[in-house]
Amino acid sequence: HAVYIALPNHLHREWTIRAAQAGKHVLCEKPLAMNASECDEMIAACQQANVLLMEAVMYRFHQRMIYLKQMLAAGELGEIRFLHAAFSFFFNAPDNYRARPEFGGGALLDVGSYCVNAARWLIDGEPQEMQASTSYSHGIDVSVNAMLRFERDVFAHVQCSFVAAEHQVIEVVGSIGAVTAPLAFTAWREDATVLMVQRGAVFERREFAPADPYQSMAAHFTESVLGRASLLYPPEDGLATLRVLDTLKDRAR
């Protein structure tokens, strides 16, 4: 009924279109494509074939992240003022596809896509202004710092790198409180996770049981394929992330 495309970025477009033409629903790894133009083609092919397409944004299916989204929507931190999302790890594998620009390598598409995706999702909007500063090495971007300005003067700082220590975090600061989610994107099924909520000098630690976000994502996609649920994240969501990534690449140039 469906295929999961876990190929390098440059193959997402080709194999999503081929899967759609074969009548298969598609769960495709992030980012959905190399750029927004490719993603438009993928969405059109899936619509023409009447099959589903969803980006594999697995971190959104973790119970801790669902709880964080609900916290923000309920106004527990007041009005969101700014968000910081960072994802880095030291990368030194010249034969890996992440080191090849023609394969969609580089830090922005690989780990920066998580950060941009999270900023859009948690702020619940699209950036109106963007700035980026990028470092390059051997033909790929190895470090990107970006500032995104959303409506109502909400700002997001996005930081991704292949030349820094392994680090992942999402921090959201509102008008009456703040929250930090360490190991924000790749908490695995054996990992107990936490949110640190701060109000003034008072800190509260909220703990969450280990969970497998990949399993939850696949289960949701299965229910959607079988017609028992509607996709939480249609492909247009992944397209919106790619539009931001495209703009950040242009700003860096």
Side-chain angles (χ1 to χ4, degrees), residues 5-13 28-39 55-60 65 82-123 126-127 129-150 155-172 180-188 213-214 237-253:
I5 295 178
L7 297 167
N9 298 330
H10 71 300
L11 297 175
H12 291 183
R13 172 191 169 277
C28 181
E29 263 302 329
K30 40 61 53 187
L32 271 181
M34 296 271 279
N35 52 55
S37 178
E38 285 191 358
C39 191
E55 185 179 28
V57 284
M58 84 300 180
Y59 79 95
R60 290 187 181 182
M65 302 309 295
F82 60 87
L83 178 149
H84 169 66
F87 195 161
S88 63
F89 67 96
F90 192 82
F91 173 71
N92 184 23
D95 294 330
N96 187 279
Y97 74 89
R98 292 177 178 87
R100 303 279 293 276
E102 68 272 25
F103 290 174
L108 185 62
L109 285 184
D110 191 58
V111 288
S113 59
Y114 281 104
C115 300
V116 169
N117 185 283
R120 293 183 45 259
W121 182 51
L122 295 174
I123 293 173
E126 303 300 333
E129 299 175 24
M130 291 171 257
Q131 299 176 354
S133 179
T134 304
S135 299
Y136 296 91
S137 179
H138 297 94
I140 61 168
D141 56 283
V142 294
S143 186
V144 180
N145 282 274
M147 186 67 71
L148 315 178
R149 180 175 182 171
F150 293 77
F155 289 86
H157 174 234
V158 168
Q159 189 173 36
C160 61
S161 180
F162 281 170
V163 292
E166 186 164 347
H167 175 65
Q168 300 174 38
V169 70
I170 293 174
E171 298 173 303
V172 186
T180 300
L183 198 64
F185 300 110
T186 60
W188 188 225
Y214 287 95
D237 181 73
L239 174 61
T241 294
L242 280 164
R243 286 175 175 156
V244 176
L245 296 173
D246 286 351
T247 301
L248 293 179
K249 285 186 283 187
D250 289 340
R251 294 288 187 271
R253 294 191 190 99

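Computed over heavy atoms, backbone and side chain alike; hydrogens, waters and symmetry mates excluded.
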Closer than 3.5 angstrom, by distance alone: can the side chain of [X] be matched with the main-chain N or O of [Y] as a donor-acceptor pair?
| X | Y | answer |
| --- | --- | --- |
| H12 | C28 | no |
| T180 | E171 | no |
| H10 | E102 | no |
| R251 | M130 | yes |

Minimum heavy-atom separation for [X] and [Y], please, with both atom names.
| X | Y | answer |
| --- | --- | --- |
| Y97 | P8 | CD1-CB, 3.7 Å |
| C39 | A33 | N-CB, 3.7 Å |
| G238 | L32 | CA-CD1, 4.0 Å |
| C160 | V111 | CB-CG2, 3.8 Å |
| I140 | A99 | CG2-O, 3.6 Å |
| A118 | L83 | O-CD1, 4.5 Å |

Within this structure, what is the [atom1]-[atom2] distance for the pair [X] and [Y], rounded to the nearest 0.5 Å?
| X | Y | atom1 | atom2 | result |
| --- | --- | --- | --- | --- |
| S143 | L108 | OG | CG | 10.5 Å |
| L7 | F103 | CG | CZ | 11.5 Å |
| H157 | F155 | NE2 | CZ | 13.0 Å |
| E55 | D237 | CD | CG | 6.5 Å |
| L242 | S37 | CG | OG | 10.5 Å |
| E129 | T247 | CD | OG1 | 12.5 Å |

Counting only heavy atoms not in F91, do more than 12 fall under 6.0 Å of its CZ?
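Correct, the count exceeds 12.
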Counting only heavy atoms not in E166, do more than 12 sit closer than 6.0 Å to its CD atom?
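Count not over threshold, so no.
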Between D141 and L109, is the side chain to side chain contact (heavy atoms under 4.5 Å, CB included) condition met? List the steps.
CA-CA 9 Å; D141 56 283; L109 285 184; over 6 Å; no
Do the side chains of T241 and P31 get nearer than 4.5 Å, heavy atoms only?
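The answer is no; the side chains never approach within 4.5 Å.
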Classify the angle between the aromatic ring planes of F185 and Y114 as parallel (below 30°), tilted (30 to 60°) or perpendicular (above 60°).
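Tilted: the ring planes of F185 and Y114 meet at 30° to 60°.
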Would you please name every residue forming a salt bridge (charged side-chain N to carboxylate O under 4.0 Å, His left out) with K249, sequence neighbours left out?
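Salt bridge (charged side-chain N to carboxylate O under 4.0 Å, His left out) check on K249 returns D246.
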Side chain to side chain contact (heavy atoms under 4.5 Å, CB included) evaluation trace for L148 with L248:
CA-CA 9 Å; L148 315 178; L248 293 179; 4.0 Å; yes
Go through it in stages, so that I can follow the logic: the residues are V57 and M65, the test is side chain to side chain contact (heavy atoms under 4.5 Å, CB included), and I'd like the CA-CA distance, side-chain angles, deciding distance and then a yes or no.
CA-CA 12 Å; V57 284; M65 302 309 295; over 6 Å; no
Establish, yes or no, whether a centroid distance under 6.0 Å links the rings of F162 and F89.
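Yes, ring centres under 6.0 Å apart.
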Step-by-step side chain to side chain contact (heavy atoms under 4.5 Å, CB included) determination, K30 to N117
CA-CA 10 Å; K30 40 61 53 187; N117 185 283; over 6 Å; no
